[in-house]
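Any value given below was found using the heavy atoms of this structure, including those in side chains, with hydrogens, waters and symmetry copies removed. FYI, the numbering just counts along the sequence from 1.
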Amino acid sequence: MKELVRCKACGYVMEAGKLKDVCPACGMSNKVFEPYRERVALNRLFVLSLDLHPITIHLSQTFVILIPLMLIARNMFPDFYNGIFSQVLIFCIYAFPLTLMAAAATGIIDGLFRFKSLKPPLLKEKLGFSISLVLSSLCVFIIDKKGGNDLLTFMFSITCLYFAVRLGLLGKKLLNVILPGSYPVKKVKATPKRENFAG
């Protein structure tokens, strides 16, 4: 296993052999580093290092911003490439719920591997906002599917933006939290063996 060191100033962890003169994260001298031992099981670290949840979150954030902006642009400049604005808007509206569902699924995986449970209060709050965000995005989709109403679509897209901001603020609080140890596995009770008696 590789030797790790941790910056006492900012908490950045890295391989000892890759440390240069200063901390890559905060710029403090390498003298502030101390030996560090990873307290999280390697299989959990591997899953978390894939960054599935942050990647899907950034994808859905693109749509949560783009939908209201495209609605404004299409209505402010109706003669300026209106067909292109409309096509991009339709694509965003259709793709948005799918990216949110992917973000919610990877969020559940991340929560289970990071916190070993989905029961902590902040995670429950995140789940509530996630469900609200997915439902709001489905409302945007349904409104567009039924012929579209720009005002209603805009209102629901702003609601989506609100939920996305709240989720981002909650996620920021949980960014560096990883419970030590390995993922808990429920033990199955062994059933006693029955002996066959012949006779």
Side-chain angles (χ1 to χ4, degrees), residues 10 25-26 44-179 183:
C10 71
C26 69
R44 287 177 62 211
L45 280 177
F46 172 75
V47 172
L48 293 172
S49 72
L50 295 174
D51 292 326
L52 298 175
H53 187 54
I55 290 167
T56 54
I57 284 292
H58 284 95
L59 187 59
S60 63
Q61 284 172 340
T62 303
F63 296 118
V64 83
I65 298 288
L66 204 53
I67 291 170
L69 288 178
M70 292 300 294
L71 280 165
I72 292 168
R74 186 171 74 173
N75 285 289
M76 283 182 69
F77 310 106
D79 298 328
F80 182 72
Y81 294 116
N82 191 25
I84 294 172
F85 278 139
S86 294
Q87 293 304 315
V88 172
L89 181 60
I90 289 166
F91 172 77
C92 292
I93 287 171
Y94 279 58
F96 186 41
L98 299 174
T99 61
L100 287 175
M101 288 179 212
T106 56
I108 289 169
I109 293 167
D110 192 270
L112 290 172
F113 275 84
R114 189 175 295 274
F115 307 101
K116 304 181 189 177
S117 165
L118 298 176
K119 294 179 181 175
L122 284 177
L123 286 187
K124 285 182 180 177
E125 200 174 344
K126 275 194 79 171
L127 280 170
F129 280 120
S130 296
I131 292 166
S132 302
L133 179 53
V134 170
L135 292 175
S136 299
S137 75
L138 290 172
C139 288
V140 171
F141 174 78
I142 290 165
I143 292 164
D144 186 74
K145 196 83 172 138
K146 290 192 172 183
N149 177 319
D150 280 3
L151 182 60
L152 265 179
T153 304
F154 183 75
M155 287 169 55
F156 275 104
S157 68
I158 293 299
T159 304
C160 289
L161 185 58
Y162 167 77
F163 290 134
V165 169
R166 291 297 303 268
L167 276 166
L169 293 173
L170 285 171
K172 187 172 84 170
K173 292 178 183 178
L174 298 170
L175 197 60
N176 296 318
V177 180
I178 305 177
L179 292 180
Y183 187 76

With sequence neighbours excluded, what pairs up with Lys146 under the side-chain contact (heavy atoms from CB on, under 4.5 Å) test? Ile142

State the CZ-CD1 distance between Phe77 and Ile72, to the nearest 0.5 angstrom. 10.5 Å

Just verifying a value: how many Å separate Ser130 OG and Glu125 CD, rounded to the nearest 0.5 Å? 11.0 Å

So CG of Leu151 and CD1 of Ile143: to nearest 0.5 Å the spacing works out to 9.5 Å

Where do Gln61 and Leu167 land on the side chain to side chain contact (heavy atoms under 4.5 Å, CB included) test, with the steps shown first? CA-CA 11 Å; Gln61 284 172 340; Leu167 276 166; over 6 Å; no

The side-chain contact (heavy atoms from CB on, under 4.5 Å) partners of Cys92 (sequence neighbours excluded) come to Phe63, Leu66, Ile67, Val88

Quick check: closest heavy atoms across Ile158 and Pro68, and the distance to 0.1 Å? CD1-CB, 4.1 Å

Mind checking the CD1-CG spacing from Ile109 to Leu118? Nearest 0.5 Å is all I need. 10.5 Å

Between Asp110 and Leu52, does a side chain to side chain contact (heavy atoms under 4.5 Å, CB included) hold up when you go through it step by step? CA-CA 8 Å; Asp110 192 270; Leu52 298 175; over 6 Å; no

Could you work out, with side-chain contact (heavy atoms from CB on, under 4.5 Å) as the rule, every residue matching Leu174, not counting sequence neighbours? Phe115, Leu122, Leu123, Lys126

For Phe129 versus Leu170, what's the shortest heavy-atom pair and its separation? CD1-CD1, 3.7 Å

Filter on side-chain hydrogen bond (donor to acceptor under 3.5 Å, both in side chains), then keep only pairs touching residues 158-173, sequence neighbours left out; what's left? Tyr162-Arg166

Residue pairs involving residues 89-106 (criterion side-chain hydrogen bond (donor to acceptor under 3.5 Å, both in side chains); sequence neighbours excluded): His53-Thr106, Thr56-Thr106

Rounded to the nearest 0.5 Å, how far apart are OG of Ser60 and CD1 of Ile65? 10.5 Å

Donor-acceptor pair, Asp51 side chain versus Pro54 backbone, under 3.5 Å? no

Side chains of Thr153 and Ile93 in contact at under 4.5 Å (non-hydrogen atoms): yes

According to side-chain contact (heavy atoms from CB on, under 4.5 Å), who are the partners of Ser137, at least two apart in sequence or on a separate chain? Phe96, Pro97, Leu100, Cys160

Looking at residues at least two apart in the chain, or sitting in another chain, which of them share a side chain to side chain donor-acceptor pair (under 3.5 Å) with Asp150? Arg74, Asn75

Enter the distance from Arg114:CZ to Leu45:CG here, rounded to the nearest 0.5 Å. 9.5 Å

Could you tell me which non-hydrogen atom of Leu50 sits nearest to which non-hydrogen atom of Ile55, and how far apart they are? O-CD1, 3.9 Å

